[in-house]
Peer 1: 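Sending over a structure as structure tokens; questions will come in a sec.
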Amino acid sequence: MPELPEVEVAARNLRRWGTKRTIRAARADRRAARLFRPATPTAVEALAGARLVSVERRGKNLLCTLARGRAERLGVWSHLGMTGKWLRRGAQDPSPPATRVELDLAGGTRLCYVDRRMFGRFRIVPGARFDDLPEIAALGPDPLTDGIDAAGFAARLGRLRTPIKVALLDQTLLAGVGNIQASESLFRAGIDPRRPARSLSAAEVKRLAAAIRASIDFTLGTFADAGADGGKADIGYVEEGTAENPFLIYGRAGAPCPRGKHGKHGKHGTIVRVVQAGRATFFCPRCQNGAQRRSRGG
DNA sequence: ACCCGTGTTCGCTG
DNA sequence: TCAGCGAACACGGG
């Protein structure tokens with residue numbers, strides 16, 4: 001489930017649930033070792049006694065900074081992969097299925113890192129030196145916290161022959177854009193996802209940058225509406241069927257284009273699904289026709 | 001059984 | 001050497 005907006009919600013949850021609290025005990029289940037790859041399995045128990053100071057999100061990565069005593073800092077890096085979640089439970093509650101790591105906090109709250117498929121990552125980072133991790137150092141700017149530098153974004157895209165939709169998934173270009181946000185933002189910008197990245201005009205790149213931001217903001221808003229909390233911040237995710245699909249076109253193959261009717265004859269487009277680099281892409285062939293698309297306002 | 005999946009990495013190929 | 005893909009990872013759900 002996790003792209004930038006979902007991870008942002010997880011970061012906000014962790015801040016609310018755990019900041020300033022001390023970890024009384026920590027444990028990992030047997031299969032959690034896979035989450036430490038490629039590093040040596042870490043003793044999660046070493047987190048006991050540390051206090052959560054801050055939670056930062058960079059792209060799809062969660063960076064928790066903890067303090068032990070006055071001087072010592074340590075970090076916890078987690079990446080939710082495909083099925084990772086941070087959930088909160090009370091001291092007496094049963095652990096959710098597929099819980100891999102649990103942190104018992106002072107006051108009775110338990111933070112549970114849950115991951116069924118275990119494509120995620122979980123690692124203790126000595127000194128909270130996150131930038132020493134190659135996975136973090138390689139990240140491009142975060143569209144939400146850093147903004148998109150139009151000139152840099154355009155320069156980078158201008159060198160790529162790869163389809164623009166595939167390029168958007170490259171975390172060194174922008175950190176946090178995933179398969180959903182890529183399709184959604186290209187729809188908002190009216191750009192055909194199959195076009196080579198380098199073929200986009202300056203105006204299209206600018207439109208795309210704004211559309212990425214708009215799509216992320218929109219998605220964040222739908223999560224807030226869905227229940228920012230209330231006691232159990234188990235956000236309903238699309239694939240779990242617990243929430244309506246909140247997206248404009250993602251997962252809507254065969255549906256009429258939400259932009260409505262186009263052209264003099266008033267025919268609406270139909271959303272199609274194609275596969276690019278092994279990933280599903282959704283778009284409207286009628287209003288995302290790239291260079292031929294008439295300029296905005298239509 | 002088969003296909004699909006909001007992510008990342010590895011290895012092959014041209 | 002490098003860009004670009006498909007496969008692999010793992011485990012459900014439809």
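The structure displayed is predicted, hence computed values, not measured ones. By convention in this document, chain letters (A, B, ...) are assigned in the order of the sequence lines, proteins followed by strands, and residues within each chain are numbered from 1.
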Peer 1: On a whole-Å scale, what distance lies between the P atoms belonging to C/dA10 and B/dG11?
Peer 2: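 It works out to 15 Å between them.
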
Peer 1: On a heavy-atom basis, which atom in A/Ser78 and which in A/Trp86 lie closest, and how many Å separate them?
Peer 2: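 For A/Ser78 and A/Trp86, the tightest heavy-atom pair comes out as OG-NE1, 3.2 Å.
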
Peer 1: Only pairs with both distances under 3.5 Å count, Watson-Crick or wobble alike; so what is the partner of C/dA10 in this structure?
Peer 2: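 Pair assignment: C/dA10 / none.
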
Peer 1: Between C/dC9 and A/Phe119, is there a base-stacking contact, meaning the centre of the base's six-membered ring lies under 5.5 Å from the residue's ring centre while the planes stay under 30° apart?
Peer 2: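 It does: the ring sits over the base of C/dC9.
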
Peer 1: So what does A/Gln181 touch, heavy atoms closer than 4.0 Å: a base, only the sugar-phosphate, or nothing?
Peer 2: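 No contact at all - A/Gln181 keeps every heavy atom at 4.0 Å or more from the nucleic acid.
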
Peer 1: Considering only side-chain heavy atoms of A/Thr162, which listed nucleotide, B/dT8, C/dA10, C/dG4, is closest?
Peer 2: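 The closest nucleotide is C/dG4.
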
Peer 1: Report the nucleotide, chosen from B/dG5, B/dT8, C/dC5, that has the shortest atom-to-atom distance to any side-chain atom of A/Ala277.
Peer 2: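 Among B/dG5, B/dT8, C/dC5, the one nearest the side chain of A/Ala277 is C/dC5.
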
Peer 1: Given B/dG5, B/dG7, C/dC5, which nucleotide is nearest the side-chain atoms of A/Arg117?
Peer 2: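 Within the option list, the nearest is B/dG5.
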
Peer 1: For residues A/Tyr250 and A/Asn245, report the shortest heavy-atom separation together with the two atoms involved.
Peer 2: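 Minimum heavy-atom separation between A/Tyr250 and A/Asn245: O-ND2, 2.7 Å.
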
Peer 1: Given that both distances must come in under 3.5 Å, which nucleotide forms a Watson-Crick or G-U wobble pair with B/dT6?
Peer 2: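 Its partner: none found.
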
Peer 1: Side chain of A/Glu135: nearest nucleotide among B/dT9, B/dT6, B/dT8?
Peer 2: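 So the nucleotide nearest the side chain must be B/dT9.
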
Peer 1: More than 12 heavy atoms of other residues, nucleotides or ligands under 6.0 Å from CZ of A/Arg161: yes or no?
Peer 2: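 It does not: A/Arg161 CZ has 12 such atoms or fewer within range.
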
Peer 1: Does atom CZ of A/Arg37 have more than 12 heavy-atom neighbours, drawn from other residues, nucleotides or ligands, at distances under 6.0 Å?
Peer 2: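 Enclosed: over 12 neighbouring heavy atoms sit under 6.0 Å from CZ of A/Arg37.
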
Peer 1: Counting heavy atoms from C-beta on, name the nucleotide in B/dT8, B/dG5, B/dT6 closest to the side chain of A/Arg121.
Peer 2: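 Selected nucleotide (nearest to the side chain): B/dT8.
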
Peer 1: Output the single nucleotide from C/dC5, B/dG5, C/dA10 whose closest atom is nearest the side chain of A/Met118.
Peer 2: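 Of the candidates, C/dA10 comes closest.
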
